> 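Got a structure here, written out as structure tokens. Questions coming.
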Amino acid sequence: MDKTIHAPAVAVSQIPDGATLMIGGFGGAGAPIELIHALIDHGAKDLTVINNNAGNGHVGLAALIEQKQVRKLICSFPRSADPVVFTEAYQAGEIELELVPQGTLAERIRAGGAGVPAFYTPTAYGTKLAEGKPQEEFEGRMYIRERWLKADFALIKGELGDPHGNLTYRMASRNFNPLMAMAATTTFAQVSRVVPLGGIDPEHVVTPGIFVSNVIEVADPAQEEELNRAKVVYP
Amino acid sequence: MDKTIHAPAVAVSQIPDGATLMIGGFGGAGAPIELIHALIDHGAKDLTVINNNAGNGHVGLAALIEQKQVRKLICSFPRSADPVVFTEAYQAGEIELELVPQGTLAERIRAGGAGVPAFYTPTAYGTKLAEGKPQEEFEGRMYIRERWLKADFALIKGELGDPHGNLTYRMASRNFNPLMAMAATTTFAQVSRVVPLGGIDPEHVVTPGIFVSNVIEVADPAQEEELNRAKVVYP
Amino acid sequence: MTDITDIKLSNAQIAWRAAQDIEDGAYVNLGIGFPELVARFQPEDRQAIFHSENGVLDFGPAPPEGEENWDCINAGKKAITIKPGTSFFHQADSFAMVRGGHLDLAILGAYEVAQSGDLANWSTGRGGVPAVGGAMDLVQSAKRVAVLTDHVTRKGQPKLVAECALPLTGVRCVTRLYTSLATVDIVGGHFVLREKIPTISLENLQLVTGAPLHTDGPVVDLICPEALA
Amino acid sequence: MTDITDIKLSNAQIAWRAAQDIEDGAYVNLGIGFPELVARFQPEDRQAIFHSENGVLDFGPAPPEGEENWDCINAGKKAITIKPGTSFFHQADSFAMVRGGHLDLAILGAYEVAQSGDLANWSTGRGGVPAVGGAMDLVQSAKRVAVLTDHVTRKGQPKLVAECALPLTGVRCVTRLYTSLATVDIVGGHFVLREKIPTISLENLQLVTGAPLHTDGPVVDLICPEALA
């Protein structure tokens with residue numbers, strides 16, 4: 001079994017129009033820029049994208065939105081230092097937004113990966129974001145019911161990956177990546193380095209290979225923050 | 001902040017009669033034998049214990065049951081190579097048993113730690129273990145609703161621990177330990193070695209210290225399997 | 001009823017037959033006991049990744065006696081080893097793999113399997129201490145659930161039945177049975193016979209089966225290595 | 001209405017005051033922006049552990065400009081550093097810490113706080129792009145939820161109100177307010193005044209507060225370091 005493939009393009013070419021996509025990262029940390037840019041080159045449209053944010057500047061997720069490939073965004077915080085791309089698309093009514101509190105977003109994704117179709121949370125009880133959701137009291141406190149989130153594909157970014165898909169992450173770039181790997185039918189992981197099987201200590205594996213479909217080595221991956229400081233526009 | 005304390009006895013002396021206790025381990029792997037034996041010495045009674053199993057031989061959890069300190073056991077698999085202690089207590093009606101499928105037990109404990117009072121699972125749907133539980137259809141499949149599990153205390157076993165309570169685990173002894181650390185009001189972790197702050201790589205921490213109340217160094221901890229092969233009886 | 005004790009397959013042969021269906025790259029959980037035998041017969045040109053629900057993926061064989069590390073065990077609490085590719089994780093992640101549908105196959109034993117796919121394998125319904133472990137999680141959520149079993153009980157009663165009499169482990173969950181006489185799929189609430197050992201007639205096989213055996217194509221001869229008999 | 005612009009505390013002074021209440025060993029989440037100031041004033045004899053909801057616990061200060069590692073950031077997407085004791089974890093674990101009640105304290109900003117403890121801090125209710133982040137999780141589940149805020153809006157309207165007019169972030173969640181004029185607890189659906197700056201009278205403070213200020217003991221003079229003014 002060898003899950004490595006050689007280029008981001010080979011992975012994302014499997015993504016059809018209309019697909020639901022989870023894209024890892026919190027802001028730029030852990031954002032799989034090369035996979036996203038390959039997806040822009042590939043051109044799949046009418047996508048539903050699940051990400052914590054809505055992109056920054058004109059690279060990565062912001063560029064995907066700028067290319068009008070995203071029909072709907074599910075996220076918690078669609079603001080950034082340079083949010084012009086999403087803001088304009090949203091205000092022009094070109095993109096649908098489902099706003100989800102960050103912890104609820106994380107838990108819904110985990111639930112999707114863990115086979116839990118619904119769960120109760122105190123978060124957002126009594127607020128606009130709870131409207132229309134079932135609510136119930138447990139042990140004297142009110143909770144709302146939230147549903148799992150799943151996706152057809154996840155695009156994630158790891159640090160090390162082995163041929164079975166075992167992954168580690170670099171520092172705070174872990175964020176949503178391990179959860180999204182669990183919740184998608186097909187998970188593509190770009191990693192800074194592919195190591196031989198056994199190259200990751202069994203106790204240090206963060207995402208076991210069972211959650212990963214393919215591993216793509218992208219040495220020296222781009223960082224969104226640095227691209228934006230250099231005012232890069234993709235494509 | 002220094003969460004280390006010097007002896008298991010100091011930790012478990014805080015446990016009152018009637019407490020609900022999570023005890024880590026799957027069989028003997030990850031079972032905090034020294035903490036359990038200190039609890040036997042301490043003598044707290046009328047305990048509700050949550051563990052995957054029901055003890056083996058006459059040490060650890062089996063010994064705690066043999067000393068008649070356990071009123072109720074919540075577990076998934078109360079059989080073992082030498083289950084005589086639990087079996088006799090159960091058949092004599094001296095101990096109450098709540099049987100929970102293993103994955104549901106794990107998820108209920110995680111839910112307790114994660115602030116999720118209830119969730120839906122397909123596990124046990126249509127079986128005796130689903131009786132009396134709410135059931136509901138999601139996307140064409142039937143699920144039952146399960147409730148969180150919490151405890152007053154967790155007794156767990158780690159490999160390395162630092163003064164802030166950050167923990168690692170040895171191989172498959174991880175099992176329920178990180179989950180129970182999350183789900184108890186007070187968590188006591190015995191570890192094979194206390195290392196200075198910074199002695200665990202930030203990316204290799206499995207249980208962040210926020211979930212741990214105290215760390216107790218027990219070098220060369222006893223393994224239930226080896227005690228039983230040597231036919232040890234505690235106390 | 002036919003005496004089948006002389007012609008039936010051995011457990012090793014049943015396990016061998018099950019192993020032939022495991023695809024390259026499949027993620028597989030083997031139940032404690034009899035199903036664990038399947039790993040021994042994994043075809044060399046196909047690599048399966050075995051999951052143990054206590055929190056290990058892709059583990060190695062048992063260590064030599066005396067070299068056990070009791071922190072490195074499988075769900076049967078037997079000592080295992082690590083190998084390149086092994087990973088450890090906690091119970092909630094382990095059962096996220098199960099419940100989330102990430103396992104391609106779970107192979108378990110059975111007391112009874114109904115034609116609906118209902119499985120009874122955790123409780124004989126009599127006294128004693130009940131114990132369930134991870135079986136209810138596995139059968140409800142693995143993509144395919146296969147059962148290894150003698151075709152009949154020790155008393156000669158069918159284990160493939162119209163409806164389970166014993167407490168259920170899961171409903172409509174079994175997809176394929178490997179028995180000591182046959183390979184049977186469950187399709188649309190029916191037993192569908194795929195293979196049978198050549199030494200039993202279809203009529204006699206039906207006599208030891210508690211519900212109708214359907215066919216929807218040729219019934220293949222079930223031939224297993226004699227060396228495993 | 002009284003002109004309070006000359007007498008009110010600076011943001012640094014408000015943050016300093018909040019820091020004095022953080023107990024040794026407390027696990028604390030500081031909201032993005034103004035609340036982040038609190039970390040600067042942590043008393044040296046008391047150690048707080050700061051949580052950042054993007055998946056970091058116990059992190060160090062910002063690195064020097066040019067030495068940022070953009071994989072090592074906080075919830076405000078600013079570069080931070082590791083230090084002995086730091087740990088990284090994924091979002092579900094991070095919010096398990098929040099939702100599971102493991103944080104002793106969350107400190108946030110506010111548009112409005114009602115006497116019930118209701119908080120509005122995520123949406124001005126006008127157009128623009130709505131964004132919530134982790135605020136709704138934090139306010140609903142941290143053991144104590146403190147708010148840092150000017151006592152009044154830029155237009156001089158009370159931010160401590162009888163009922164919030166803006167969309168809520170959480171209901172009955174705020175336990176204490178540190179304002180530019182006072183320290184106020186929320187007890188049983190009432191604002192209870194604990195401290196006020198000596199240069200404002202109780203009557204004038206009430207005039208710039210949108211609901212009754214109760215007292216249930218002495219009102220202490222709120223004195224902050226002049227150097228922070």
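All of these numbers come straight from a predicted model, not from anything done at the bench. Quick note on labels: first sequence line is chain A, next is B, and so on, each numbered from 1.
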> Which atoms of C:D58 come close to chain A, meaning under 4.5 Å heavy atom to heavy atom: side chain ones, backbone ones, both, or neither?
side chain
> State the CD1-NE2 distance between C:I49 and A:H164, to the nearest 0.5 angstrom.
4.5 Å
> What part of C:S141 lies closer than 4.5 angstrom to a heavy atom of chain A: side chain, backbone, both or neither?
neither
> With C:R194 as reference, evaluate C:D221, C:D185, C:D21 under the salt bridge (charged side-chain N to carboxylate O under 4.0 Å, His left out) test and give the passing residue.
C:D185
> For C:H190 and C:H214, take the angle between the two ring planes, folded into 0 to 90°, and tell me which bin it lands in: parallel under 30, tilted 30 to 60, perpendicular over 60.
tilted
> With only heavy atoms counted, which part of A:K3 is less than 4.5 Å from chain C, the side chain, the backbone, both or neither?
side chain
> Minimum heavy-atom separation for A:S13 to A:H42, with atom names?
O-CE1, 3.5 Å
